[in-house]
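Read through the structure below, which is laid out as structure tokens, and then see the notes.
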2 protein chains.
Amino acid sequence: MARTPVWKSIAIALTDDIAQGRYETGGKLPAEAQLSARFGVNRHTVRRALAEMAEQGLVFPRRGAGVFVAAKPTDYPIGKRVRFHQNLTREGRNPAKQILTLETRIAAPREANALQLDPGAEVHVYDGLSLADGQPIALFQSIFPADRFPGILDALQEQHSVTAALQKLGVEDYTRIETRITAKLATAMQALHLKIAEGSPILRTTGVNADPQGQPVEFGRTWFAGDRVTLTVGRET
Amino acid sequence: MARTPVWKSIAIALTDDIAQGRYETGGKLPAEAQLSARFGVNRHTVRRALAEMAEQGLVFPRRGAGVFVAAKPTDYPIGKRVRFHQNLTREGRNPAKQILTLETRIAAPREANALQLDPGAEVHVYDGLSLADGQPIALFQSIFPADRFPGILDALQEQHSVTAALQKLGVEDYTRIETRITAKLATAMQALHLKIAEGSPILRTTGVNADPQGQPVEFGRTWFAGDRVTLTVGRET
DNA sequence: ATCACCTATACAACTAGACAAATGTTATCC
DNA sequence: GGATAACATTTGTCTAGTTGTATAGGTGAT
């Protein structure tokens, strides 16, 4: 008889604990040392179990911090109206944005082209991190034409929402012209921000939003943590 | 596999920011707390990165005030007249040279060719280290035809400047015929002298200087610390 | 004999929080 | 207006805890 290894039973026990809600999603599991004491095994044996669970996306470890219970993948609809706050609150999740950098620079050719600007025109750039229930979901970069929205960086600093900032500057509505989606691997920096392993899969989308007159107002790039997000297309609302 | 620690990537990112001019010389970096938010790590991890940069003399912290940028990577113009002292004093930096070795030997074929000497002719060789504000910038090797400048080693020992030494021997002016630039990785010896890590990027330039009559007077090789120097071409003054 | 499984130990890398010390800013008082 | 006090911000230091990685060795089933 092939007995099941100890580490597998531990993984099953912990998985059951999570399923029973004994550990909240997003919450921290007891430290490996404590778990090894609880199960009466070596720390490495517990690690073997946790590694299995991490592979299945059930938990994710953070060096120096602990092992956390992963949340279910977020459904993120991509359509004519892409609104971060709306998308998440509709799913009953708590959205938040975190500013990484705000800067002004000369537009790269690719960016100038997307925004229909002359080469060498200035743009405002908003780098940030999107979170759902406190967990990082995506990195994004929003680029705005500087001459049309001179004060947008201040507006973004006050209220982290792109929609709100644009509204304050006179754009009541905007729609997504086009979205491109490709798969990438996380760079070290991206992995750091998204709290995933370097080389984990990333969903990269680029898109242009335009006002009702068809004038581009934003060129955006987003890097979703592939394990935590599922993009959905074609469920227009 | 020895992955690069997070703090090291942060140090590199910040160093790059400074090199790109996103933080002015003498200006203040964002507070450690803000940087830790931007990079998504603990404050101590940022401190580790800043400590490294401070060690290299790139930034200096002031308790209660902030962390300030000490110096940008040096802009080193490569043109018709390449003068180490001039180049640096013009940027308000304090140049210095350090003699490593002075020797006389038979010219290698490559060197004889550059100086238009017969094979087997003797050359004087000046190996040295260039510093800006006490920080090593580059390793260099200057090679002179021995028969034309018999006393140049003594002249170089008195005043470390190539320009001054040549002037003393009757060359009032000289111009750069040609400069070649390639990228290398630092050997252990170079890393030691330049106080950089082994395997760091090196800018290697070779060039020939000639007197107004077109006669080659010096064949020079220089190894710049890539992190600390930016070569600029085509901004003749 | 080999291999998966497990133990044991040590150190590196990172997080977390708290408090001290220096500095810069603002309010207050006379 | 100028000195002073109070407060907020920022770097420096310390302690403690957690995960990641490497090395070495033991045990039992096939």
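Just so we're on the same page: letters track the sequence lines, and every chain starts at 1. Basis for what follows: all heavy atoms, side chains included, without hydrogens, waters or symmetry-related copies.
Considering only side-chain atoms of A/Arg62, the nucleotide from D/dG20, C/dA16, D/dT11 that sits closest is C/dA16.
Ring geometry, A/Phe60 versus A/Phe68: the interplanar angle falls under 30°, so the pair is classed parallel (tilted spans 30 to 60°). Under the 30°/60° scheme for interplanar angles, the aromatic rings of A/His193 and B/Phe39 are found to lie parallel.
At whole-Å resolution of the value, CZ in B/Arg63 and P in C/dC19 are 17 Å apart. The NZ atom of A/Lys8 sits 15 Å away from the C1' atom of C/dC6 (whole-angstrom rounding). Taking atom CZ of A/Phe68 as the reference point, atom C1' of C/dT15 lies 9 Å away to the nearest angstrom.
Salt bridge status for A/Glu91 with A/Arg93: absent, with no side-chain N to carboxylate O gap under 4.0 Å. Using a cut-off of 4.0 Å between Lys/Arg side-chain N and Asp/Glu carboxylate O, A/Arg148 and A/Asp211 are scored as salt-bridged.
Shown for residues 21-36 of chain A: residues whose heavy atoms fall under 4.0 angstrom of DNA chain D, namely A/Ala31, A/Glu32, A/Gln34. Across residues 41-48 of chain B, B/Arg43, B/His44, B/Arg47 each have a non-hydrogen atom less than 4.0 Å from an atom of DNA chain D (numbered order).
Every stem involving DNA chain C, taken as at least 3 paired positions in a row under the Watson-Crick or G-U wobble test at 3.5 Å, is listed here: C:1-30 with D:1-30.
The heavy-atom pair separating A/Pro145 from A/Val217 by the smallest distance is CD-O, 3.4 Å.
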